[in-house]
Protein chains: 2
Amino acid sequence: MKRRDFDHLNCSLAQTLSVIGEHWTLLIIRDAFMGLRRFDDFQKDLGIARNVLSERLKRLVNEEVLEKTPGEKGFPEYHLTAKGLALQPILISMTHWGDKHRPNPKGRRLIFLDRKNRKPIQTMTVRAHDDRRLKPKDITVKRGPGHRSSGLDIPLSDLR
Amino acid sequence: MKRRDFDHLNCSLAQTLSVIGEHWTLLIIRDAFMGLRRFDDFQKDLGIARNVLSERLKRLVNEEVLEKTPGEKGFPEYHLTAKGLALQPILISMTHWGDKHRPNPKGRRLIFLDRKNRKPIQTMTVRAHDDRRLKPKDITVKRGPGHRSSGLDIPLSDLR
DNA sequence: CAGTATCCTACGTGATACTG
DNA sequence: CAGTATCACGTAGGATACTG
């Protein structure tokens with residue numbers, strides 16, 4: 001009766017979820033992207049219980065998403081590693097989706113900018129090899145060498 | 001002592017998480033992208049408990065991510081709506097991250113293809129307005145009209 | 001400031017049996 | 001096949017007090 005993990009699924013999505021799928025985790029990472037570094041800042045900003053935050057941070061350090069350093073003033077600091085920074089497309093995709101499909105009536109909450117010219121970035125889209133934008137139905141899948149069929153043998157049909 | 005929701009955060013990411021943040025939810029959606037439509041297929045493929053699946057599907061239908069239709073043979077079917085299809089960049093970003101940062105030693109598990117020419121799609125990247133690819137540190141944020149500072153007033157500092 | 005340590009409870013989830 | 005209904009349980013997570 002344990003909570004099941006997703007390991008049996010052999011799926012990259014499930015792997016990712018095992019790192020960032022828990023409650024709070026993604027919001028902690030968001031805060032790290034926003035420049036927060038210190039324990040109490042995370043805690044106050046999110047209103048998360050201290051023990052939970054502690055555990056999540058440990059886990060993220062373990063997964064090498066965050067790095068814990070002594071920091072300038074002797075206080076510990078949590079910084080995103082390269083692996084953590086690589087989560088940005090996920091965070092931004094999710095933020096864009098929330099903006100569009102669960103909007104705040106007053107308008108966008110946070111706007112991502114190209115730092116160079118301060119123009120808004122594009123909405124995240126899937127791109128073909130030659131840069132064409134692809135819509136959901138323009139995409140198929142095939143099995144790679146690491147594929148192992150889990151329970152059902154999904155026919156890998158396309159969207160219709 | 002209720003489990004806290006994220007509403008107090010006024011954050012699009014939190015909004016998105018409130019729809020797809022629960023355990024199993026994203027995997028159900030993944031299955032829908034893979035062409036699964038029927039209750040028992042989801043159940044068998046994921047190994048999820050029936051009551052949980054039932055509840056999640058209801059929720060997703062309620063959120064208009066899935067649509068429940070009578071289906072051809074009289075059996076109910078669950079289809080992705082436009083709102084659901086719009087989740088694809090999230091799913092793909094997450095799959096790519098898992099491929100890269102928690103790889104299967106045997107190679108990629110699933111490969112997304114441009115249906116037109118069956119070439120692999122690009123890895124998801126953030127793009128500037130003029131199509132340049134942006135790295136995490138090339139991006140800043142500003143507050144939009146819908147912004148309301150939550151607990152802490154984050155200085156919105158950039159990555160360093 | 002940055003945690004650690006307890007305690008407690010609600011809820012998520014698994015297992016399973018039953019209905020139309 | 002597509003659910004609904006129960007029950008039992010583990011644990012995630014809240015609250016809070018305490019330490020270095």
Side-chain angles (χ1 to χ4, degrees), chain A residues 1-9 14 17-28 31-32 35-62 66-79 150-152 154, chain B residues 1-9 14 17-28 31-32 35-62 66-79 150-152 154:
Chain A
M1 272 186 189
K2 255 185 169 170
R3 187 209 214 102
R4 246 175 130 174
D5 59 25
F6 300 140
D7 285 349
H8 61 297
L9 291 173
L17 285 172
S18 79
V19 180
I20 60 167
E22 277 166 316
H23 269 83
W24 293 114
T25 302
L26 222 35
L27 290 167
I28 293 170
D31 273 8
L36 298 207
R37 301 274 109 95
R38 304 242 299 271
F39 189 94
D40 272 27
D41 286 346
F42 289 113
Q43 197 280 318
K44 276 182 224 152
D45 184 52
L46 298 174
I48 183 178
R50 305 177 74 78
N51 55 343
V52 178
L53 176 58
S54 172
E55 197 192 312
R56 291 293 175 280
L57 286 173
K58 256 180 219 152
R59 191 167 162 62
L60 288 171
V61 168
N62 241 317
L66 295 179
E67 189 187 11
K68 182 175 180 175
T69 68
E72 320 270 297
K73 309 158 195 100
F75 297 131
E77 292 189 352
Y78 296 91
H79 286 258
S150 44
L152 242 199
I154 315 180
Chain B
M1 273 189 184
K2 255 185 170 169
R3 189 209 213 104
R4 245 169 133 182
D5 58 26
F6 300 140
D7 285 349
H8 61 297
L9 292 174
L17 285 172
S18 78
V19 180
I20 60 167
E22 277 167 317
H23 270 83
W24 292 115
T25 302
L26 223 36
L27 291 167
I28 293 169
D31 274 7
L36 299 208
R37 302 275 109 96
R38 304 242 298 271
F39 189 93
D40 272 27
D41 286 346
F42 289 113
Q43 198 279 317
K44 276 182 225 151
D45 184 53
L46 298 175
I48 183 178
R50 305 178 73 78
N51 56 343
V52 178
L53 175 59
S54 172
E55 197 192 313
R56 290 293 176 280
L57 286 173
K58 257 181 217 151
R59 191 166 163 62
L60 288 171
V61 169
N62 241 317
L66 294 179
E67 189 187 11
K68 183 176 181 175
T69 67
E72 319 272 295
K73 309 158 194 101
F75 297 132
E77 293 188 352
Y78 296 90
H79 285 258
S150 44
L152 243 198
I154 315 180

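Not measured: the values here are computed from a predicted model. Below, all heavy atoms of this structure are taken into account, side chains as well, without hydrogens, waters or symmetry copies. In the text below, chain A, chain B and the rest are named by the order of the sequence lines, each starting its count at 1.
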Distance check: side-chain N/O of B/His23 vs OP1/OP2 of C/dT13, anything under 4.0 Å? yes
Is the distance from OP1 or OP2 of C/dT4 to the nearest side-chain N or O of A/Lys58 less than 4.0 Å? yes
Can you classify the ring geometry of B/Phe42 versus B/Tyr78 as parallel (below 30°), tilted (30 to 60°) or perpendicular (above 60°)? perpendicular
Which nucleotide sits closest to the side chain of B/Asn51: C/dA2, D/dG14, D/dT6? D/dT6
Using atom CD of B/Glu22 as one end and atom C1' of C/dA10 as the other, report the distance to the nearest whole Å. 15 Å
Determine whether a donor-acceptor pair (one donor, one acceptor, N or O, separation below 3.5 Å) exists between the side chain of A/Arg50 and the base of C/dA2. yes
Between B/Arg50 (side chain) and B/Phe39 (backbone), is there a donor-acceptor pair under 3.5 Å? no
First locate atom CG of B/Asp31, then atom CG of B/Leu53, and finally report the distance between them rounded to the nearest 0.5 Å. 9.5 Å
Nearest whole Å is fine: how far is C/dG14 C1' from B/Gln43 CD? 11 Å
Rounded to the nearest 0.5 Å, the CG atom of B/Leu36 sits from the CD atom of B/Glu77 at a distance of 11.0 Å
Taking for A/Glu77 and for B/Gly47 the nucleotide of DNA chain C with the nearest heavy atom, the one nearer the 5' end belongs to A/Glu77
Whole angstroms only, please: what is the CD-P distance between A/Glu72 and C/dA2? 14 Å
Out of C/dT13, C/dA2, D/dG14, which has the shortest distance to the side chain of A/Ala49? D/dG14
Of the candidates D/dG14, D/dG3, C/dT4, the side chain of B/Phe39 sits closest to D/dG3
Identify which nucleotide among D/dG14, C/dT4, C/dG3 has an atom closest to any side-chain atom of A/Tyr78, counting heavy atoms from C-beta outward. C/dG3
Would you state whether a donor and an acceptor, one from the side chain of B/Arg38 and one from the base of D/dA2, lie under 3.5 Å apart? no
Does the A/His79 side chain pair with the main chain of A/Ala32, one donor and one acceptor, at a distance under 3.5 Å? no
Euclidean distance, atom CD1 of residue A/Ile48 to atom P of D/dT16 [Å, nearest integer]: 16 Å
What is the distance, to the nearest angstrom, from the CD atom on A/Glu55 to the C1' atom on C/dT6? 14 Å
Strictly below 4.0 Å: does B/Ser54 bring a side-chain N or O up to OP1 or OP2 of D/dG3? no
Using whole Å, what does the distance between atom P of nucleotide D/dA12 and atom CG of A/Leu46 come to? 19 Å
Considering only heavy side-chain atoms of B/Lys44, the closest of D/dC1, C/dG3, D/dG14 is D/dC1
By nearest atom, which of the nucleotides D/dG3, C/dA2, D/dC1 is closest to the B/Phe75 side chain? D/dC1
What is the separation between atom CG on B/Asp40 and atom P on D/dT4, rounded to the nearest whole Å? 13 Å
Listed nucleotide nearest any side-chain atom of B/Lys68, set D/dG3, D/dA5, D/dG14: D/dG3
Assigned partner base of D/dG20, Watson-Crick or wobble definition, under 3.5 Å: C/dC1
Rounding to 0.5 Å, atoms CD (A/Glu22) and NE2 (B/His23) come to a distance of 6.5 Å
Nucleotide D/dC1, atom C1' - distance to CG of B/Asp45 in whole Å: 17 Å
